[in-house]
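Contents: one structure, followed by commentary.
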Amino acid sequence: MTADTATEVFEEHRPLLTGVAYRMLGRVADAEDVVQEAWLRWSGRPRDDVREPRPYLVRITTRLAIDRLRHVQVQREAYIGPWLPEPLETDFGPTVEDTAERAVLADSVSLAVLVVLESLSPLERAVFVLREAFGFPYGEIAATLERSESAVRQLSARARRHVAERRPRFDVDPAEQRDLTERFLAAASGGDLDALLSLLAPDVRLVGDSGGKAKAPVRVIESADKVGRFLFGAARRPIPESEFRFVELNGGPALLVLSGGKPDAVFQLDVADGLIQCVYIVRNPDKLASLAP
């Protein structure tokens, strides 16, 4: 395999490798670092014995992601306030034609699922991502993790059970999510507290991520009254030179708030039965840099 061919092969698989790494780590920068390290290992060693590049590259990327995840989990213990995954622009485009496959990929990258994946062990998370998001066979995952197939099946069952118990128990309709996001913006920016409260489920939660670098609640806020009044109060202190854009992030519609042309906040909603079940707010500037216009 020539150097040019090796580059072409790697670039062909880069979207897959980035998808695996992001779902493992929840950070775009961390995922890109892992993929870059995978490229260095791919390009810096003989490849004549590699018959199938796809599983080989996924194996390298997954192992690197597991090592990185173990490192960043220690750092996150000192994180100020709730930790949310970095918002990711998602446009699967023509690379994913099948509607069912597209739905699986979108669901596996949603904020709600990624938040639950944070509570898995690195090995459980790797098995879940490879199996549930990308459909890798158990034998291939076992080779990747250097575990027996029976051990991988046990890890998979444990991870699926854990995710099923903790993830929101509703399907997200993108059209309904977009409609509620627009009404949410109108009520909040218009200072209409009653309209805002009418959109919130009684047990709605608000999770804000600032990392201590911007204003956001350092604890999860619960109940329609508390969430509504927090949002109403925040709306009365408008962001300077604000501009609002609807974008697709993590497989669903989201609201991007710009201040002076720079990303200032992302709002994304979990909805069900016509009501907002959870409000995610990301304001950590480190997690918004990739969304710059």
Side-chain angles (χ1 to χ4, degrees), residues 18 22 25-33 36 72 75-76 78-91 93 109-112 114-115 174 177-193 195-197 199-200 204-221 226-271 276 278-293:
T18 303
Y22 174 77
L25 297 163
R27 284 292 310 273
V28 174
D30 287 338
E32 290 175 344
D33 287 346
Q36 179 62 21
V72 299
Q75 295 178 325
R76 289 174 191 171
Y79 196 80
I80 299 175
W83 188 96
L84 289 174
E86 179 177 345
L88 175 71
E89 291 188 81
T90 46
D91 180 6
V109 82
S110 70
L111 285 184
L114 289 175
V115 167
Q177 192 177 9
R178 170 65 185 251
D179 175 65
L180 274 173
T181 303
E182 292 176 346
R183 291 162 61 193
F184 170 85
L185 173 61
S189 61
D192 191 337
L193 179 58
L196 185 60
L197 290 172
L199 302 176
L200 304 177
V204 64
R205 303 167 70 246
L206 184 146
V207 185
D209 178 340
S210 70
K213 299 180 179 181
K215 289 186 177 180
V218 295
R219 294 182 179 82
V220 176
I221 300 175
K226 291 180 180 179
V227 170
R229 294 188 182 282
F230 171 83
L231 292 169
F232 183 73
R236 297 180 68 178
R237 300 184 296 276
I239 296 171
E241 300 179 64
S242 59
E243 178 185 350
F244 302 95
R245 294 185 184 179
F246 288 97
V247 293
E248 182 181 300
L249 300 176
N250 296 85
L255 179 65
L256 172 62
V257 183
L258 303 173
S259 176
K262 298 180 180 181
D264 184 89
V266 160
F267 288 78
Q268 194 156 32
L269 312 177
D270 275 343
V271 303
I276 297 170
C278 187
V279 180
Y280 297 107
I281 306 175
V282 179
R283 294 205 68 199
N284 186 335
D286 296 339
K287 296 185 178 182
L288 301 176
S290 63
L291 303 179

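Not measured: the values here are computed from a predicted model. All residue numbers in this chain count up from 1 along the given sequence.
- Asn250 contributes no side-chain N or O that, together with a main-chain N or O of Pro87, makes up a donor-acceptor pair within less than 3.5 Å.
- The closest donor-acceptor contact from the side chain of Tyr22 to the backbone of Glu86 lies under 3.5 Å.
- Shown here for Ala216 and Ser210, the closest heavy-atom pair between the two residues is CB-CB, 3.6 Å.
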Please assess Ile221 against Arg205 for the test side-chain contact (heavy atoms from CB on, under 4.5 Å), listing each intermediate value before the final yes or no.
CA-CA 6 Å; Ile221 300 175; Arg205 303 167 70 246; over 6 Å; no
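- Between the side chain of Arg237 and the main chain of Gly233, a donor-acceptor pair closer than 3.5 Å is present.
- The side-chain contact (heavy atoms from CB on, under 4.5 Å) test with Leu84 singles out one residue from Val266, Asp209, Ile281, Leu114, and that residue is Asp209.
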side-chain contact (heavy atoms from CB on, under 4.5 Å) between Leu249 and Tyr280, intermediate numbers included:
CA-CA 12 Å; Leu249 300 176; Tyr280 297 107; over 6 Å; no
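- Note on residues 251-269: pairs passing side-chain hydrogen bond (donor to acceptor under 3.5 Å, both in side chains), not counting sequence neighbours, are Asp264-Arg283.
- Of all heavy-atom pairs between Val28 and Ser290, the closest is CG2-OG, 4.5 Å.
- The side-chain heavy atoms of Val207 and Val115, taken from C-beta on, include no pair separated by under 4.5 Å.
- Closest non-hydrogen pair, Ala188 versus Ala235, comes out as O-CB, 3.0 Å.
- At a threshold of 4.5 Å between non-hydrogen side-chain atoms, the residues Trp83 and Lys287 count as touching.
- Rounding to the nearest 0.5 Å gives a distance of 11.5 Å between OG of Ser189 and CG of Leu231.
- Phe267 CZ to Leu206 CG: the interatomic distance, rounded to the nearest 0.5 Å, is 8.0 Å.
- Under the 4.5 Å side-chain criterion, counting only non-hydrogen atoms from C-beta, Leu193 is in contact with Leu197.
- Here the CG-CZ distance, from Leu255 to Phe184, works out to 7.5 Å after rounding to the nearest 0.5 Å.
- A donor-acceptor pair under 3.5 Å links the side-chain atoms of Gln177 to the main chain of Leu269, judged by distance alone.
- The CG atom of Leu180 sits 11.5 Å away from the CG atom of Asp270 when rounded to the nearest 0.5 Å.
- Taking every heavy atom of both residues into account, Val282 and Pro85 meet most closely at CG2-O, 4.4 Å.
- Using a 4.5 Å heavy-atom threshold, the side chains of Leu258 and Pro263 count as touching.
- With values rounded to the nearest 0.5 angstrom, Arg27 atom CZ is found 9.5 Å from Asp33 atom CG.
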With side-chain contact (heavy atoms from CB on, under 4.5 Å) as the criterion, how do Phe244 and Leu256 come out once you've worked through the C-alpha distance, each side chain's angles and the decisive distance to 0.1 Å?
CA-CA 6 Å; Phe244 302 95; Leu256 172 62; over 6 Å; no
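- Rounded to the nearest 0.5 angstrom, Arg178 CZ and Thr181 OG1 are separated by 8.0 Å.
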